[in-house]
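Reviewing the structure listed below.
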Amino acid sequence: MDRNNSRRQLAAMKQSLFDQGHLDEQFIQLEELQDDANPNFVEEIVTLYYRDSSRLISSLEQTLERNPLDFNKLDTIMHQFKGSSSSIGAKKVKAESTLIREYCRTGNAEGCRKSFQQMKKEYVALRKRLENYFQLARQAGPMDRASRPK
């Protein structure tokens, strides 16, 4: 595949991540920090996010299994997870995290559990899409500048 075709595919893939609501402006801001000195900056940040957040998801699962549910503990972990998700622009994951925190505030255990399952689906879906995106980005080579989606 020639480099120009790879770059067009990459741009289309990135646009679809925004169009489908997976990513927000924060992802572009991360890309703007990437330069020749650190051409894989965004991929490294996202990789760290997934490494660290998997630990948080395990903690969330353990907390959600307990009866009665410790809403304060759940909210504390969700606060950290939501912040991490926000830092990479994970829009749908962040939205579900916000919903879980709201359910914590109202004491809705069933809402917390259902939203957590949806959040995990969004989390896994974004991970797969970003893995594909970064794989194509490596094939396409360095980009000139970060570009904002339309």
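Note that the coordinates shown come from a computational prediction; the quantities given were computed from them, not determined experimentally. In what follows, every heavy atom counts, from backbone to side chain, and hydrogens, waters and symmetry copies are set aside.
For Arg138, the salt bridge (charged side-chain N to carboxylate O under 4.0 Å, His left out) test picks out Glu43, with sequence neighbours left out. Looking at residues two or more places apart in sequence or on another chain, you find no side-chain hydrogen bond (donor to acceptor under 3.5 Å, both in side chains) involving Gln34. For Asn38, the side-chain contact (heavy atoms from CB on, under 4.5 Å) partners at least two apart in sequence or on another chain are Asp35, Phe41, Glu44. Applying the salt bridge (charged side-chain N to carboxylate O under 4.0 Å, His left out) test to Lys73 and every residue at least two apart in sequence or in another chain returns nothing. In terms of the side-chain hydrogen bond (donor to acceptor under 3.5 Å, both in side chains) criterion, residue partners of Gln118 (sequence neighbours excluded) are, by chain and number, Glu122. Judged as a side-chain hydrogen bond (donor to acceptor under 3.5 Å, both in side chains), and not counting sequence neighbours, Ser115 has no contacts.
Nearest heavy atoms, His22 versus Leu126: CB-CD1, 3.9 Å. Closest heavy-atom contact between Lys91 and Gly21: CB-O, 3.3 Å.
With a 4.5 Å cut-off between side-chain heavy atoms of Ile, Leu, Val, Met, Phe, Trp and Tyr, the cluster of Leu48 takes in none.
Side-chain contact check for Gln26 versus Ile88: every heavy-atom pair is 4.5 Å or farther apart. Between Thr106 and Phe71 there is no side-chain heavy-atom pair separated by less than 4.5 Å. Contact check for Phe27 versus Val42: side-chain heavy atoms found under the 4.5 Å cut-off.
Listed by first and then second residue, the salt bridge (charged side-chain N to carboxylate O under 4.0 Å, His left out) pairs that reach into residues 124-137 are Arg127-Glu131, sequence neighbours excluded. The side chain to side chain donor-acceptor pair (under 3.5 Å) analysis of residues 74-88, with sequence neighbours excluded, yields the pairs Tyr49-Ser85, Asp75-Arg101, His79-Arg101, Lys82-Thr98. A salt bridge (charged side-chain N to carboxylate O under 4.0 Å, His left out) check over residues 104-118, counting only residues at least two apart or in different chains, returns the pairs Glu102-Arg105.
One distance of note links CG of Asn72 with OG1 of Thr63; it measures 11.5 Å at 0.5 Å rounding. Of the inter-residue distances, the one linking Ile28 atom CD1 with Lys14 atom NZ reads 3.5 Å to the nearest 0.5 angstrom. Distance check, rounded to the nearest 0.5 Å: CD of Glu96 to OH of Tyr103 gives 8.5 Å. Separation of atoms CD1 (Ile77) and CG (Asp70) is listed at 8.5 Å; rounding is to 0.5 Å. In this structure, Leu10 CG and Asn5 CG are separated by 11.0 Å, a value rounded to the nearest 0.5 Å. Residue Phe116 holds its CZ atom at 8.5 Å from CG of Leu74, rounded to the nearest 0.5 Å.
Side-chain N or O atoms of Lys92 include none that pairs as donor or acceptor with a backbone N or O of Lys121 at under 3.5 Å.
Cluster membership for Leu64 and Leu99, using ILVMFWY side-chain heavy atoms within less than 4.5 angstrom, is not shared.
Between Tyr50 and Tyr123, a ring centre-to-centre spacing shorter than 6.0 Å is recorded.
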Would you give me the side-chain donor-acceptor pairs under 3.5 Å for residues 54-61, sequence neighbours excluded?
residue: Ser54; atom: OG; partner: Arg51; partner atom: O; Å: 2.8
residue: Ser58; atom: OG; partner: Ser54; partner atom: O; Å: 3.3
residue: Ser59; atom: OG; partner: Arg55; partner atom: O; Å: 3.4
residue: Glu61; atom: OE2; partner: Lys120; partner atom: NZ; Å: 2.7

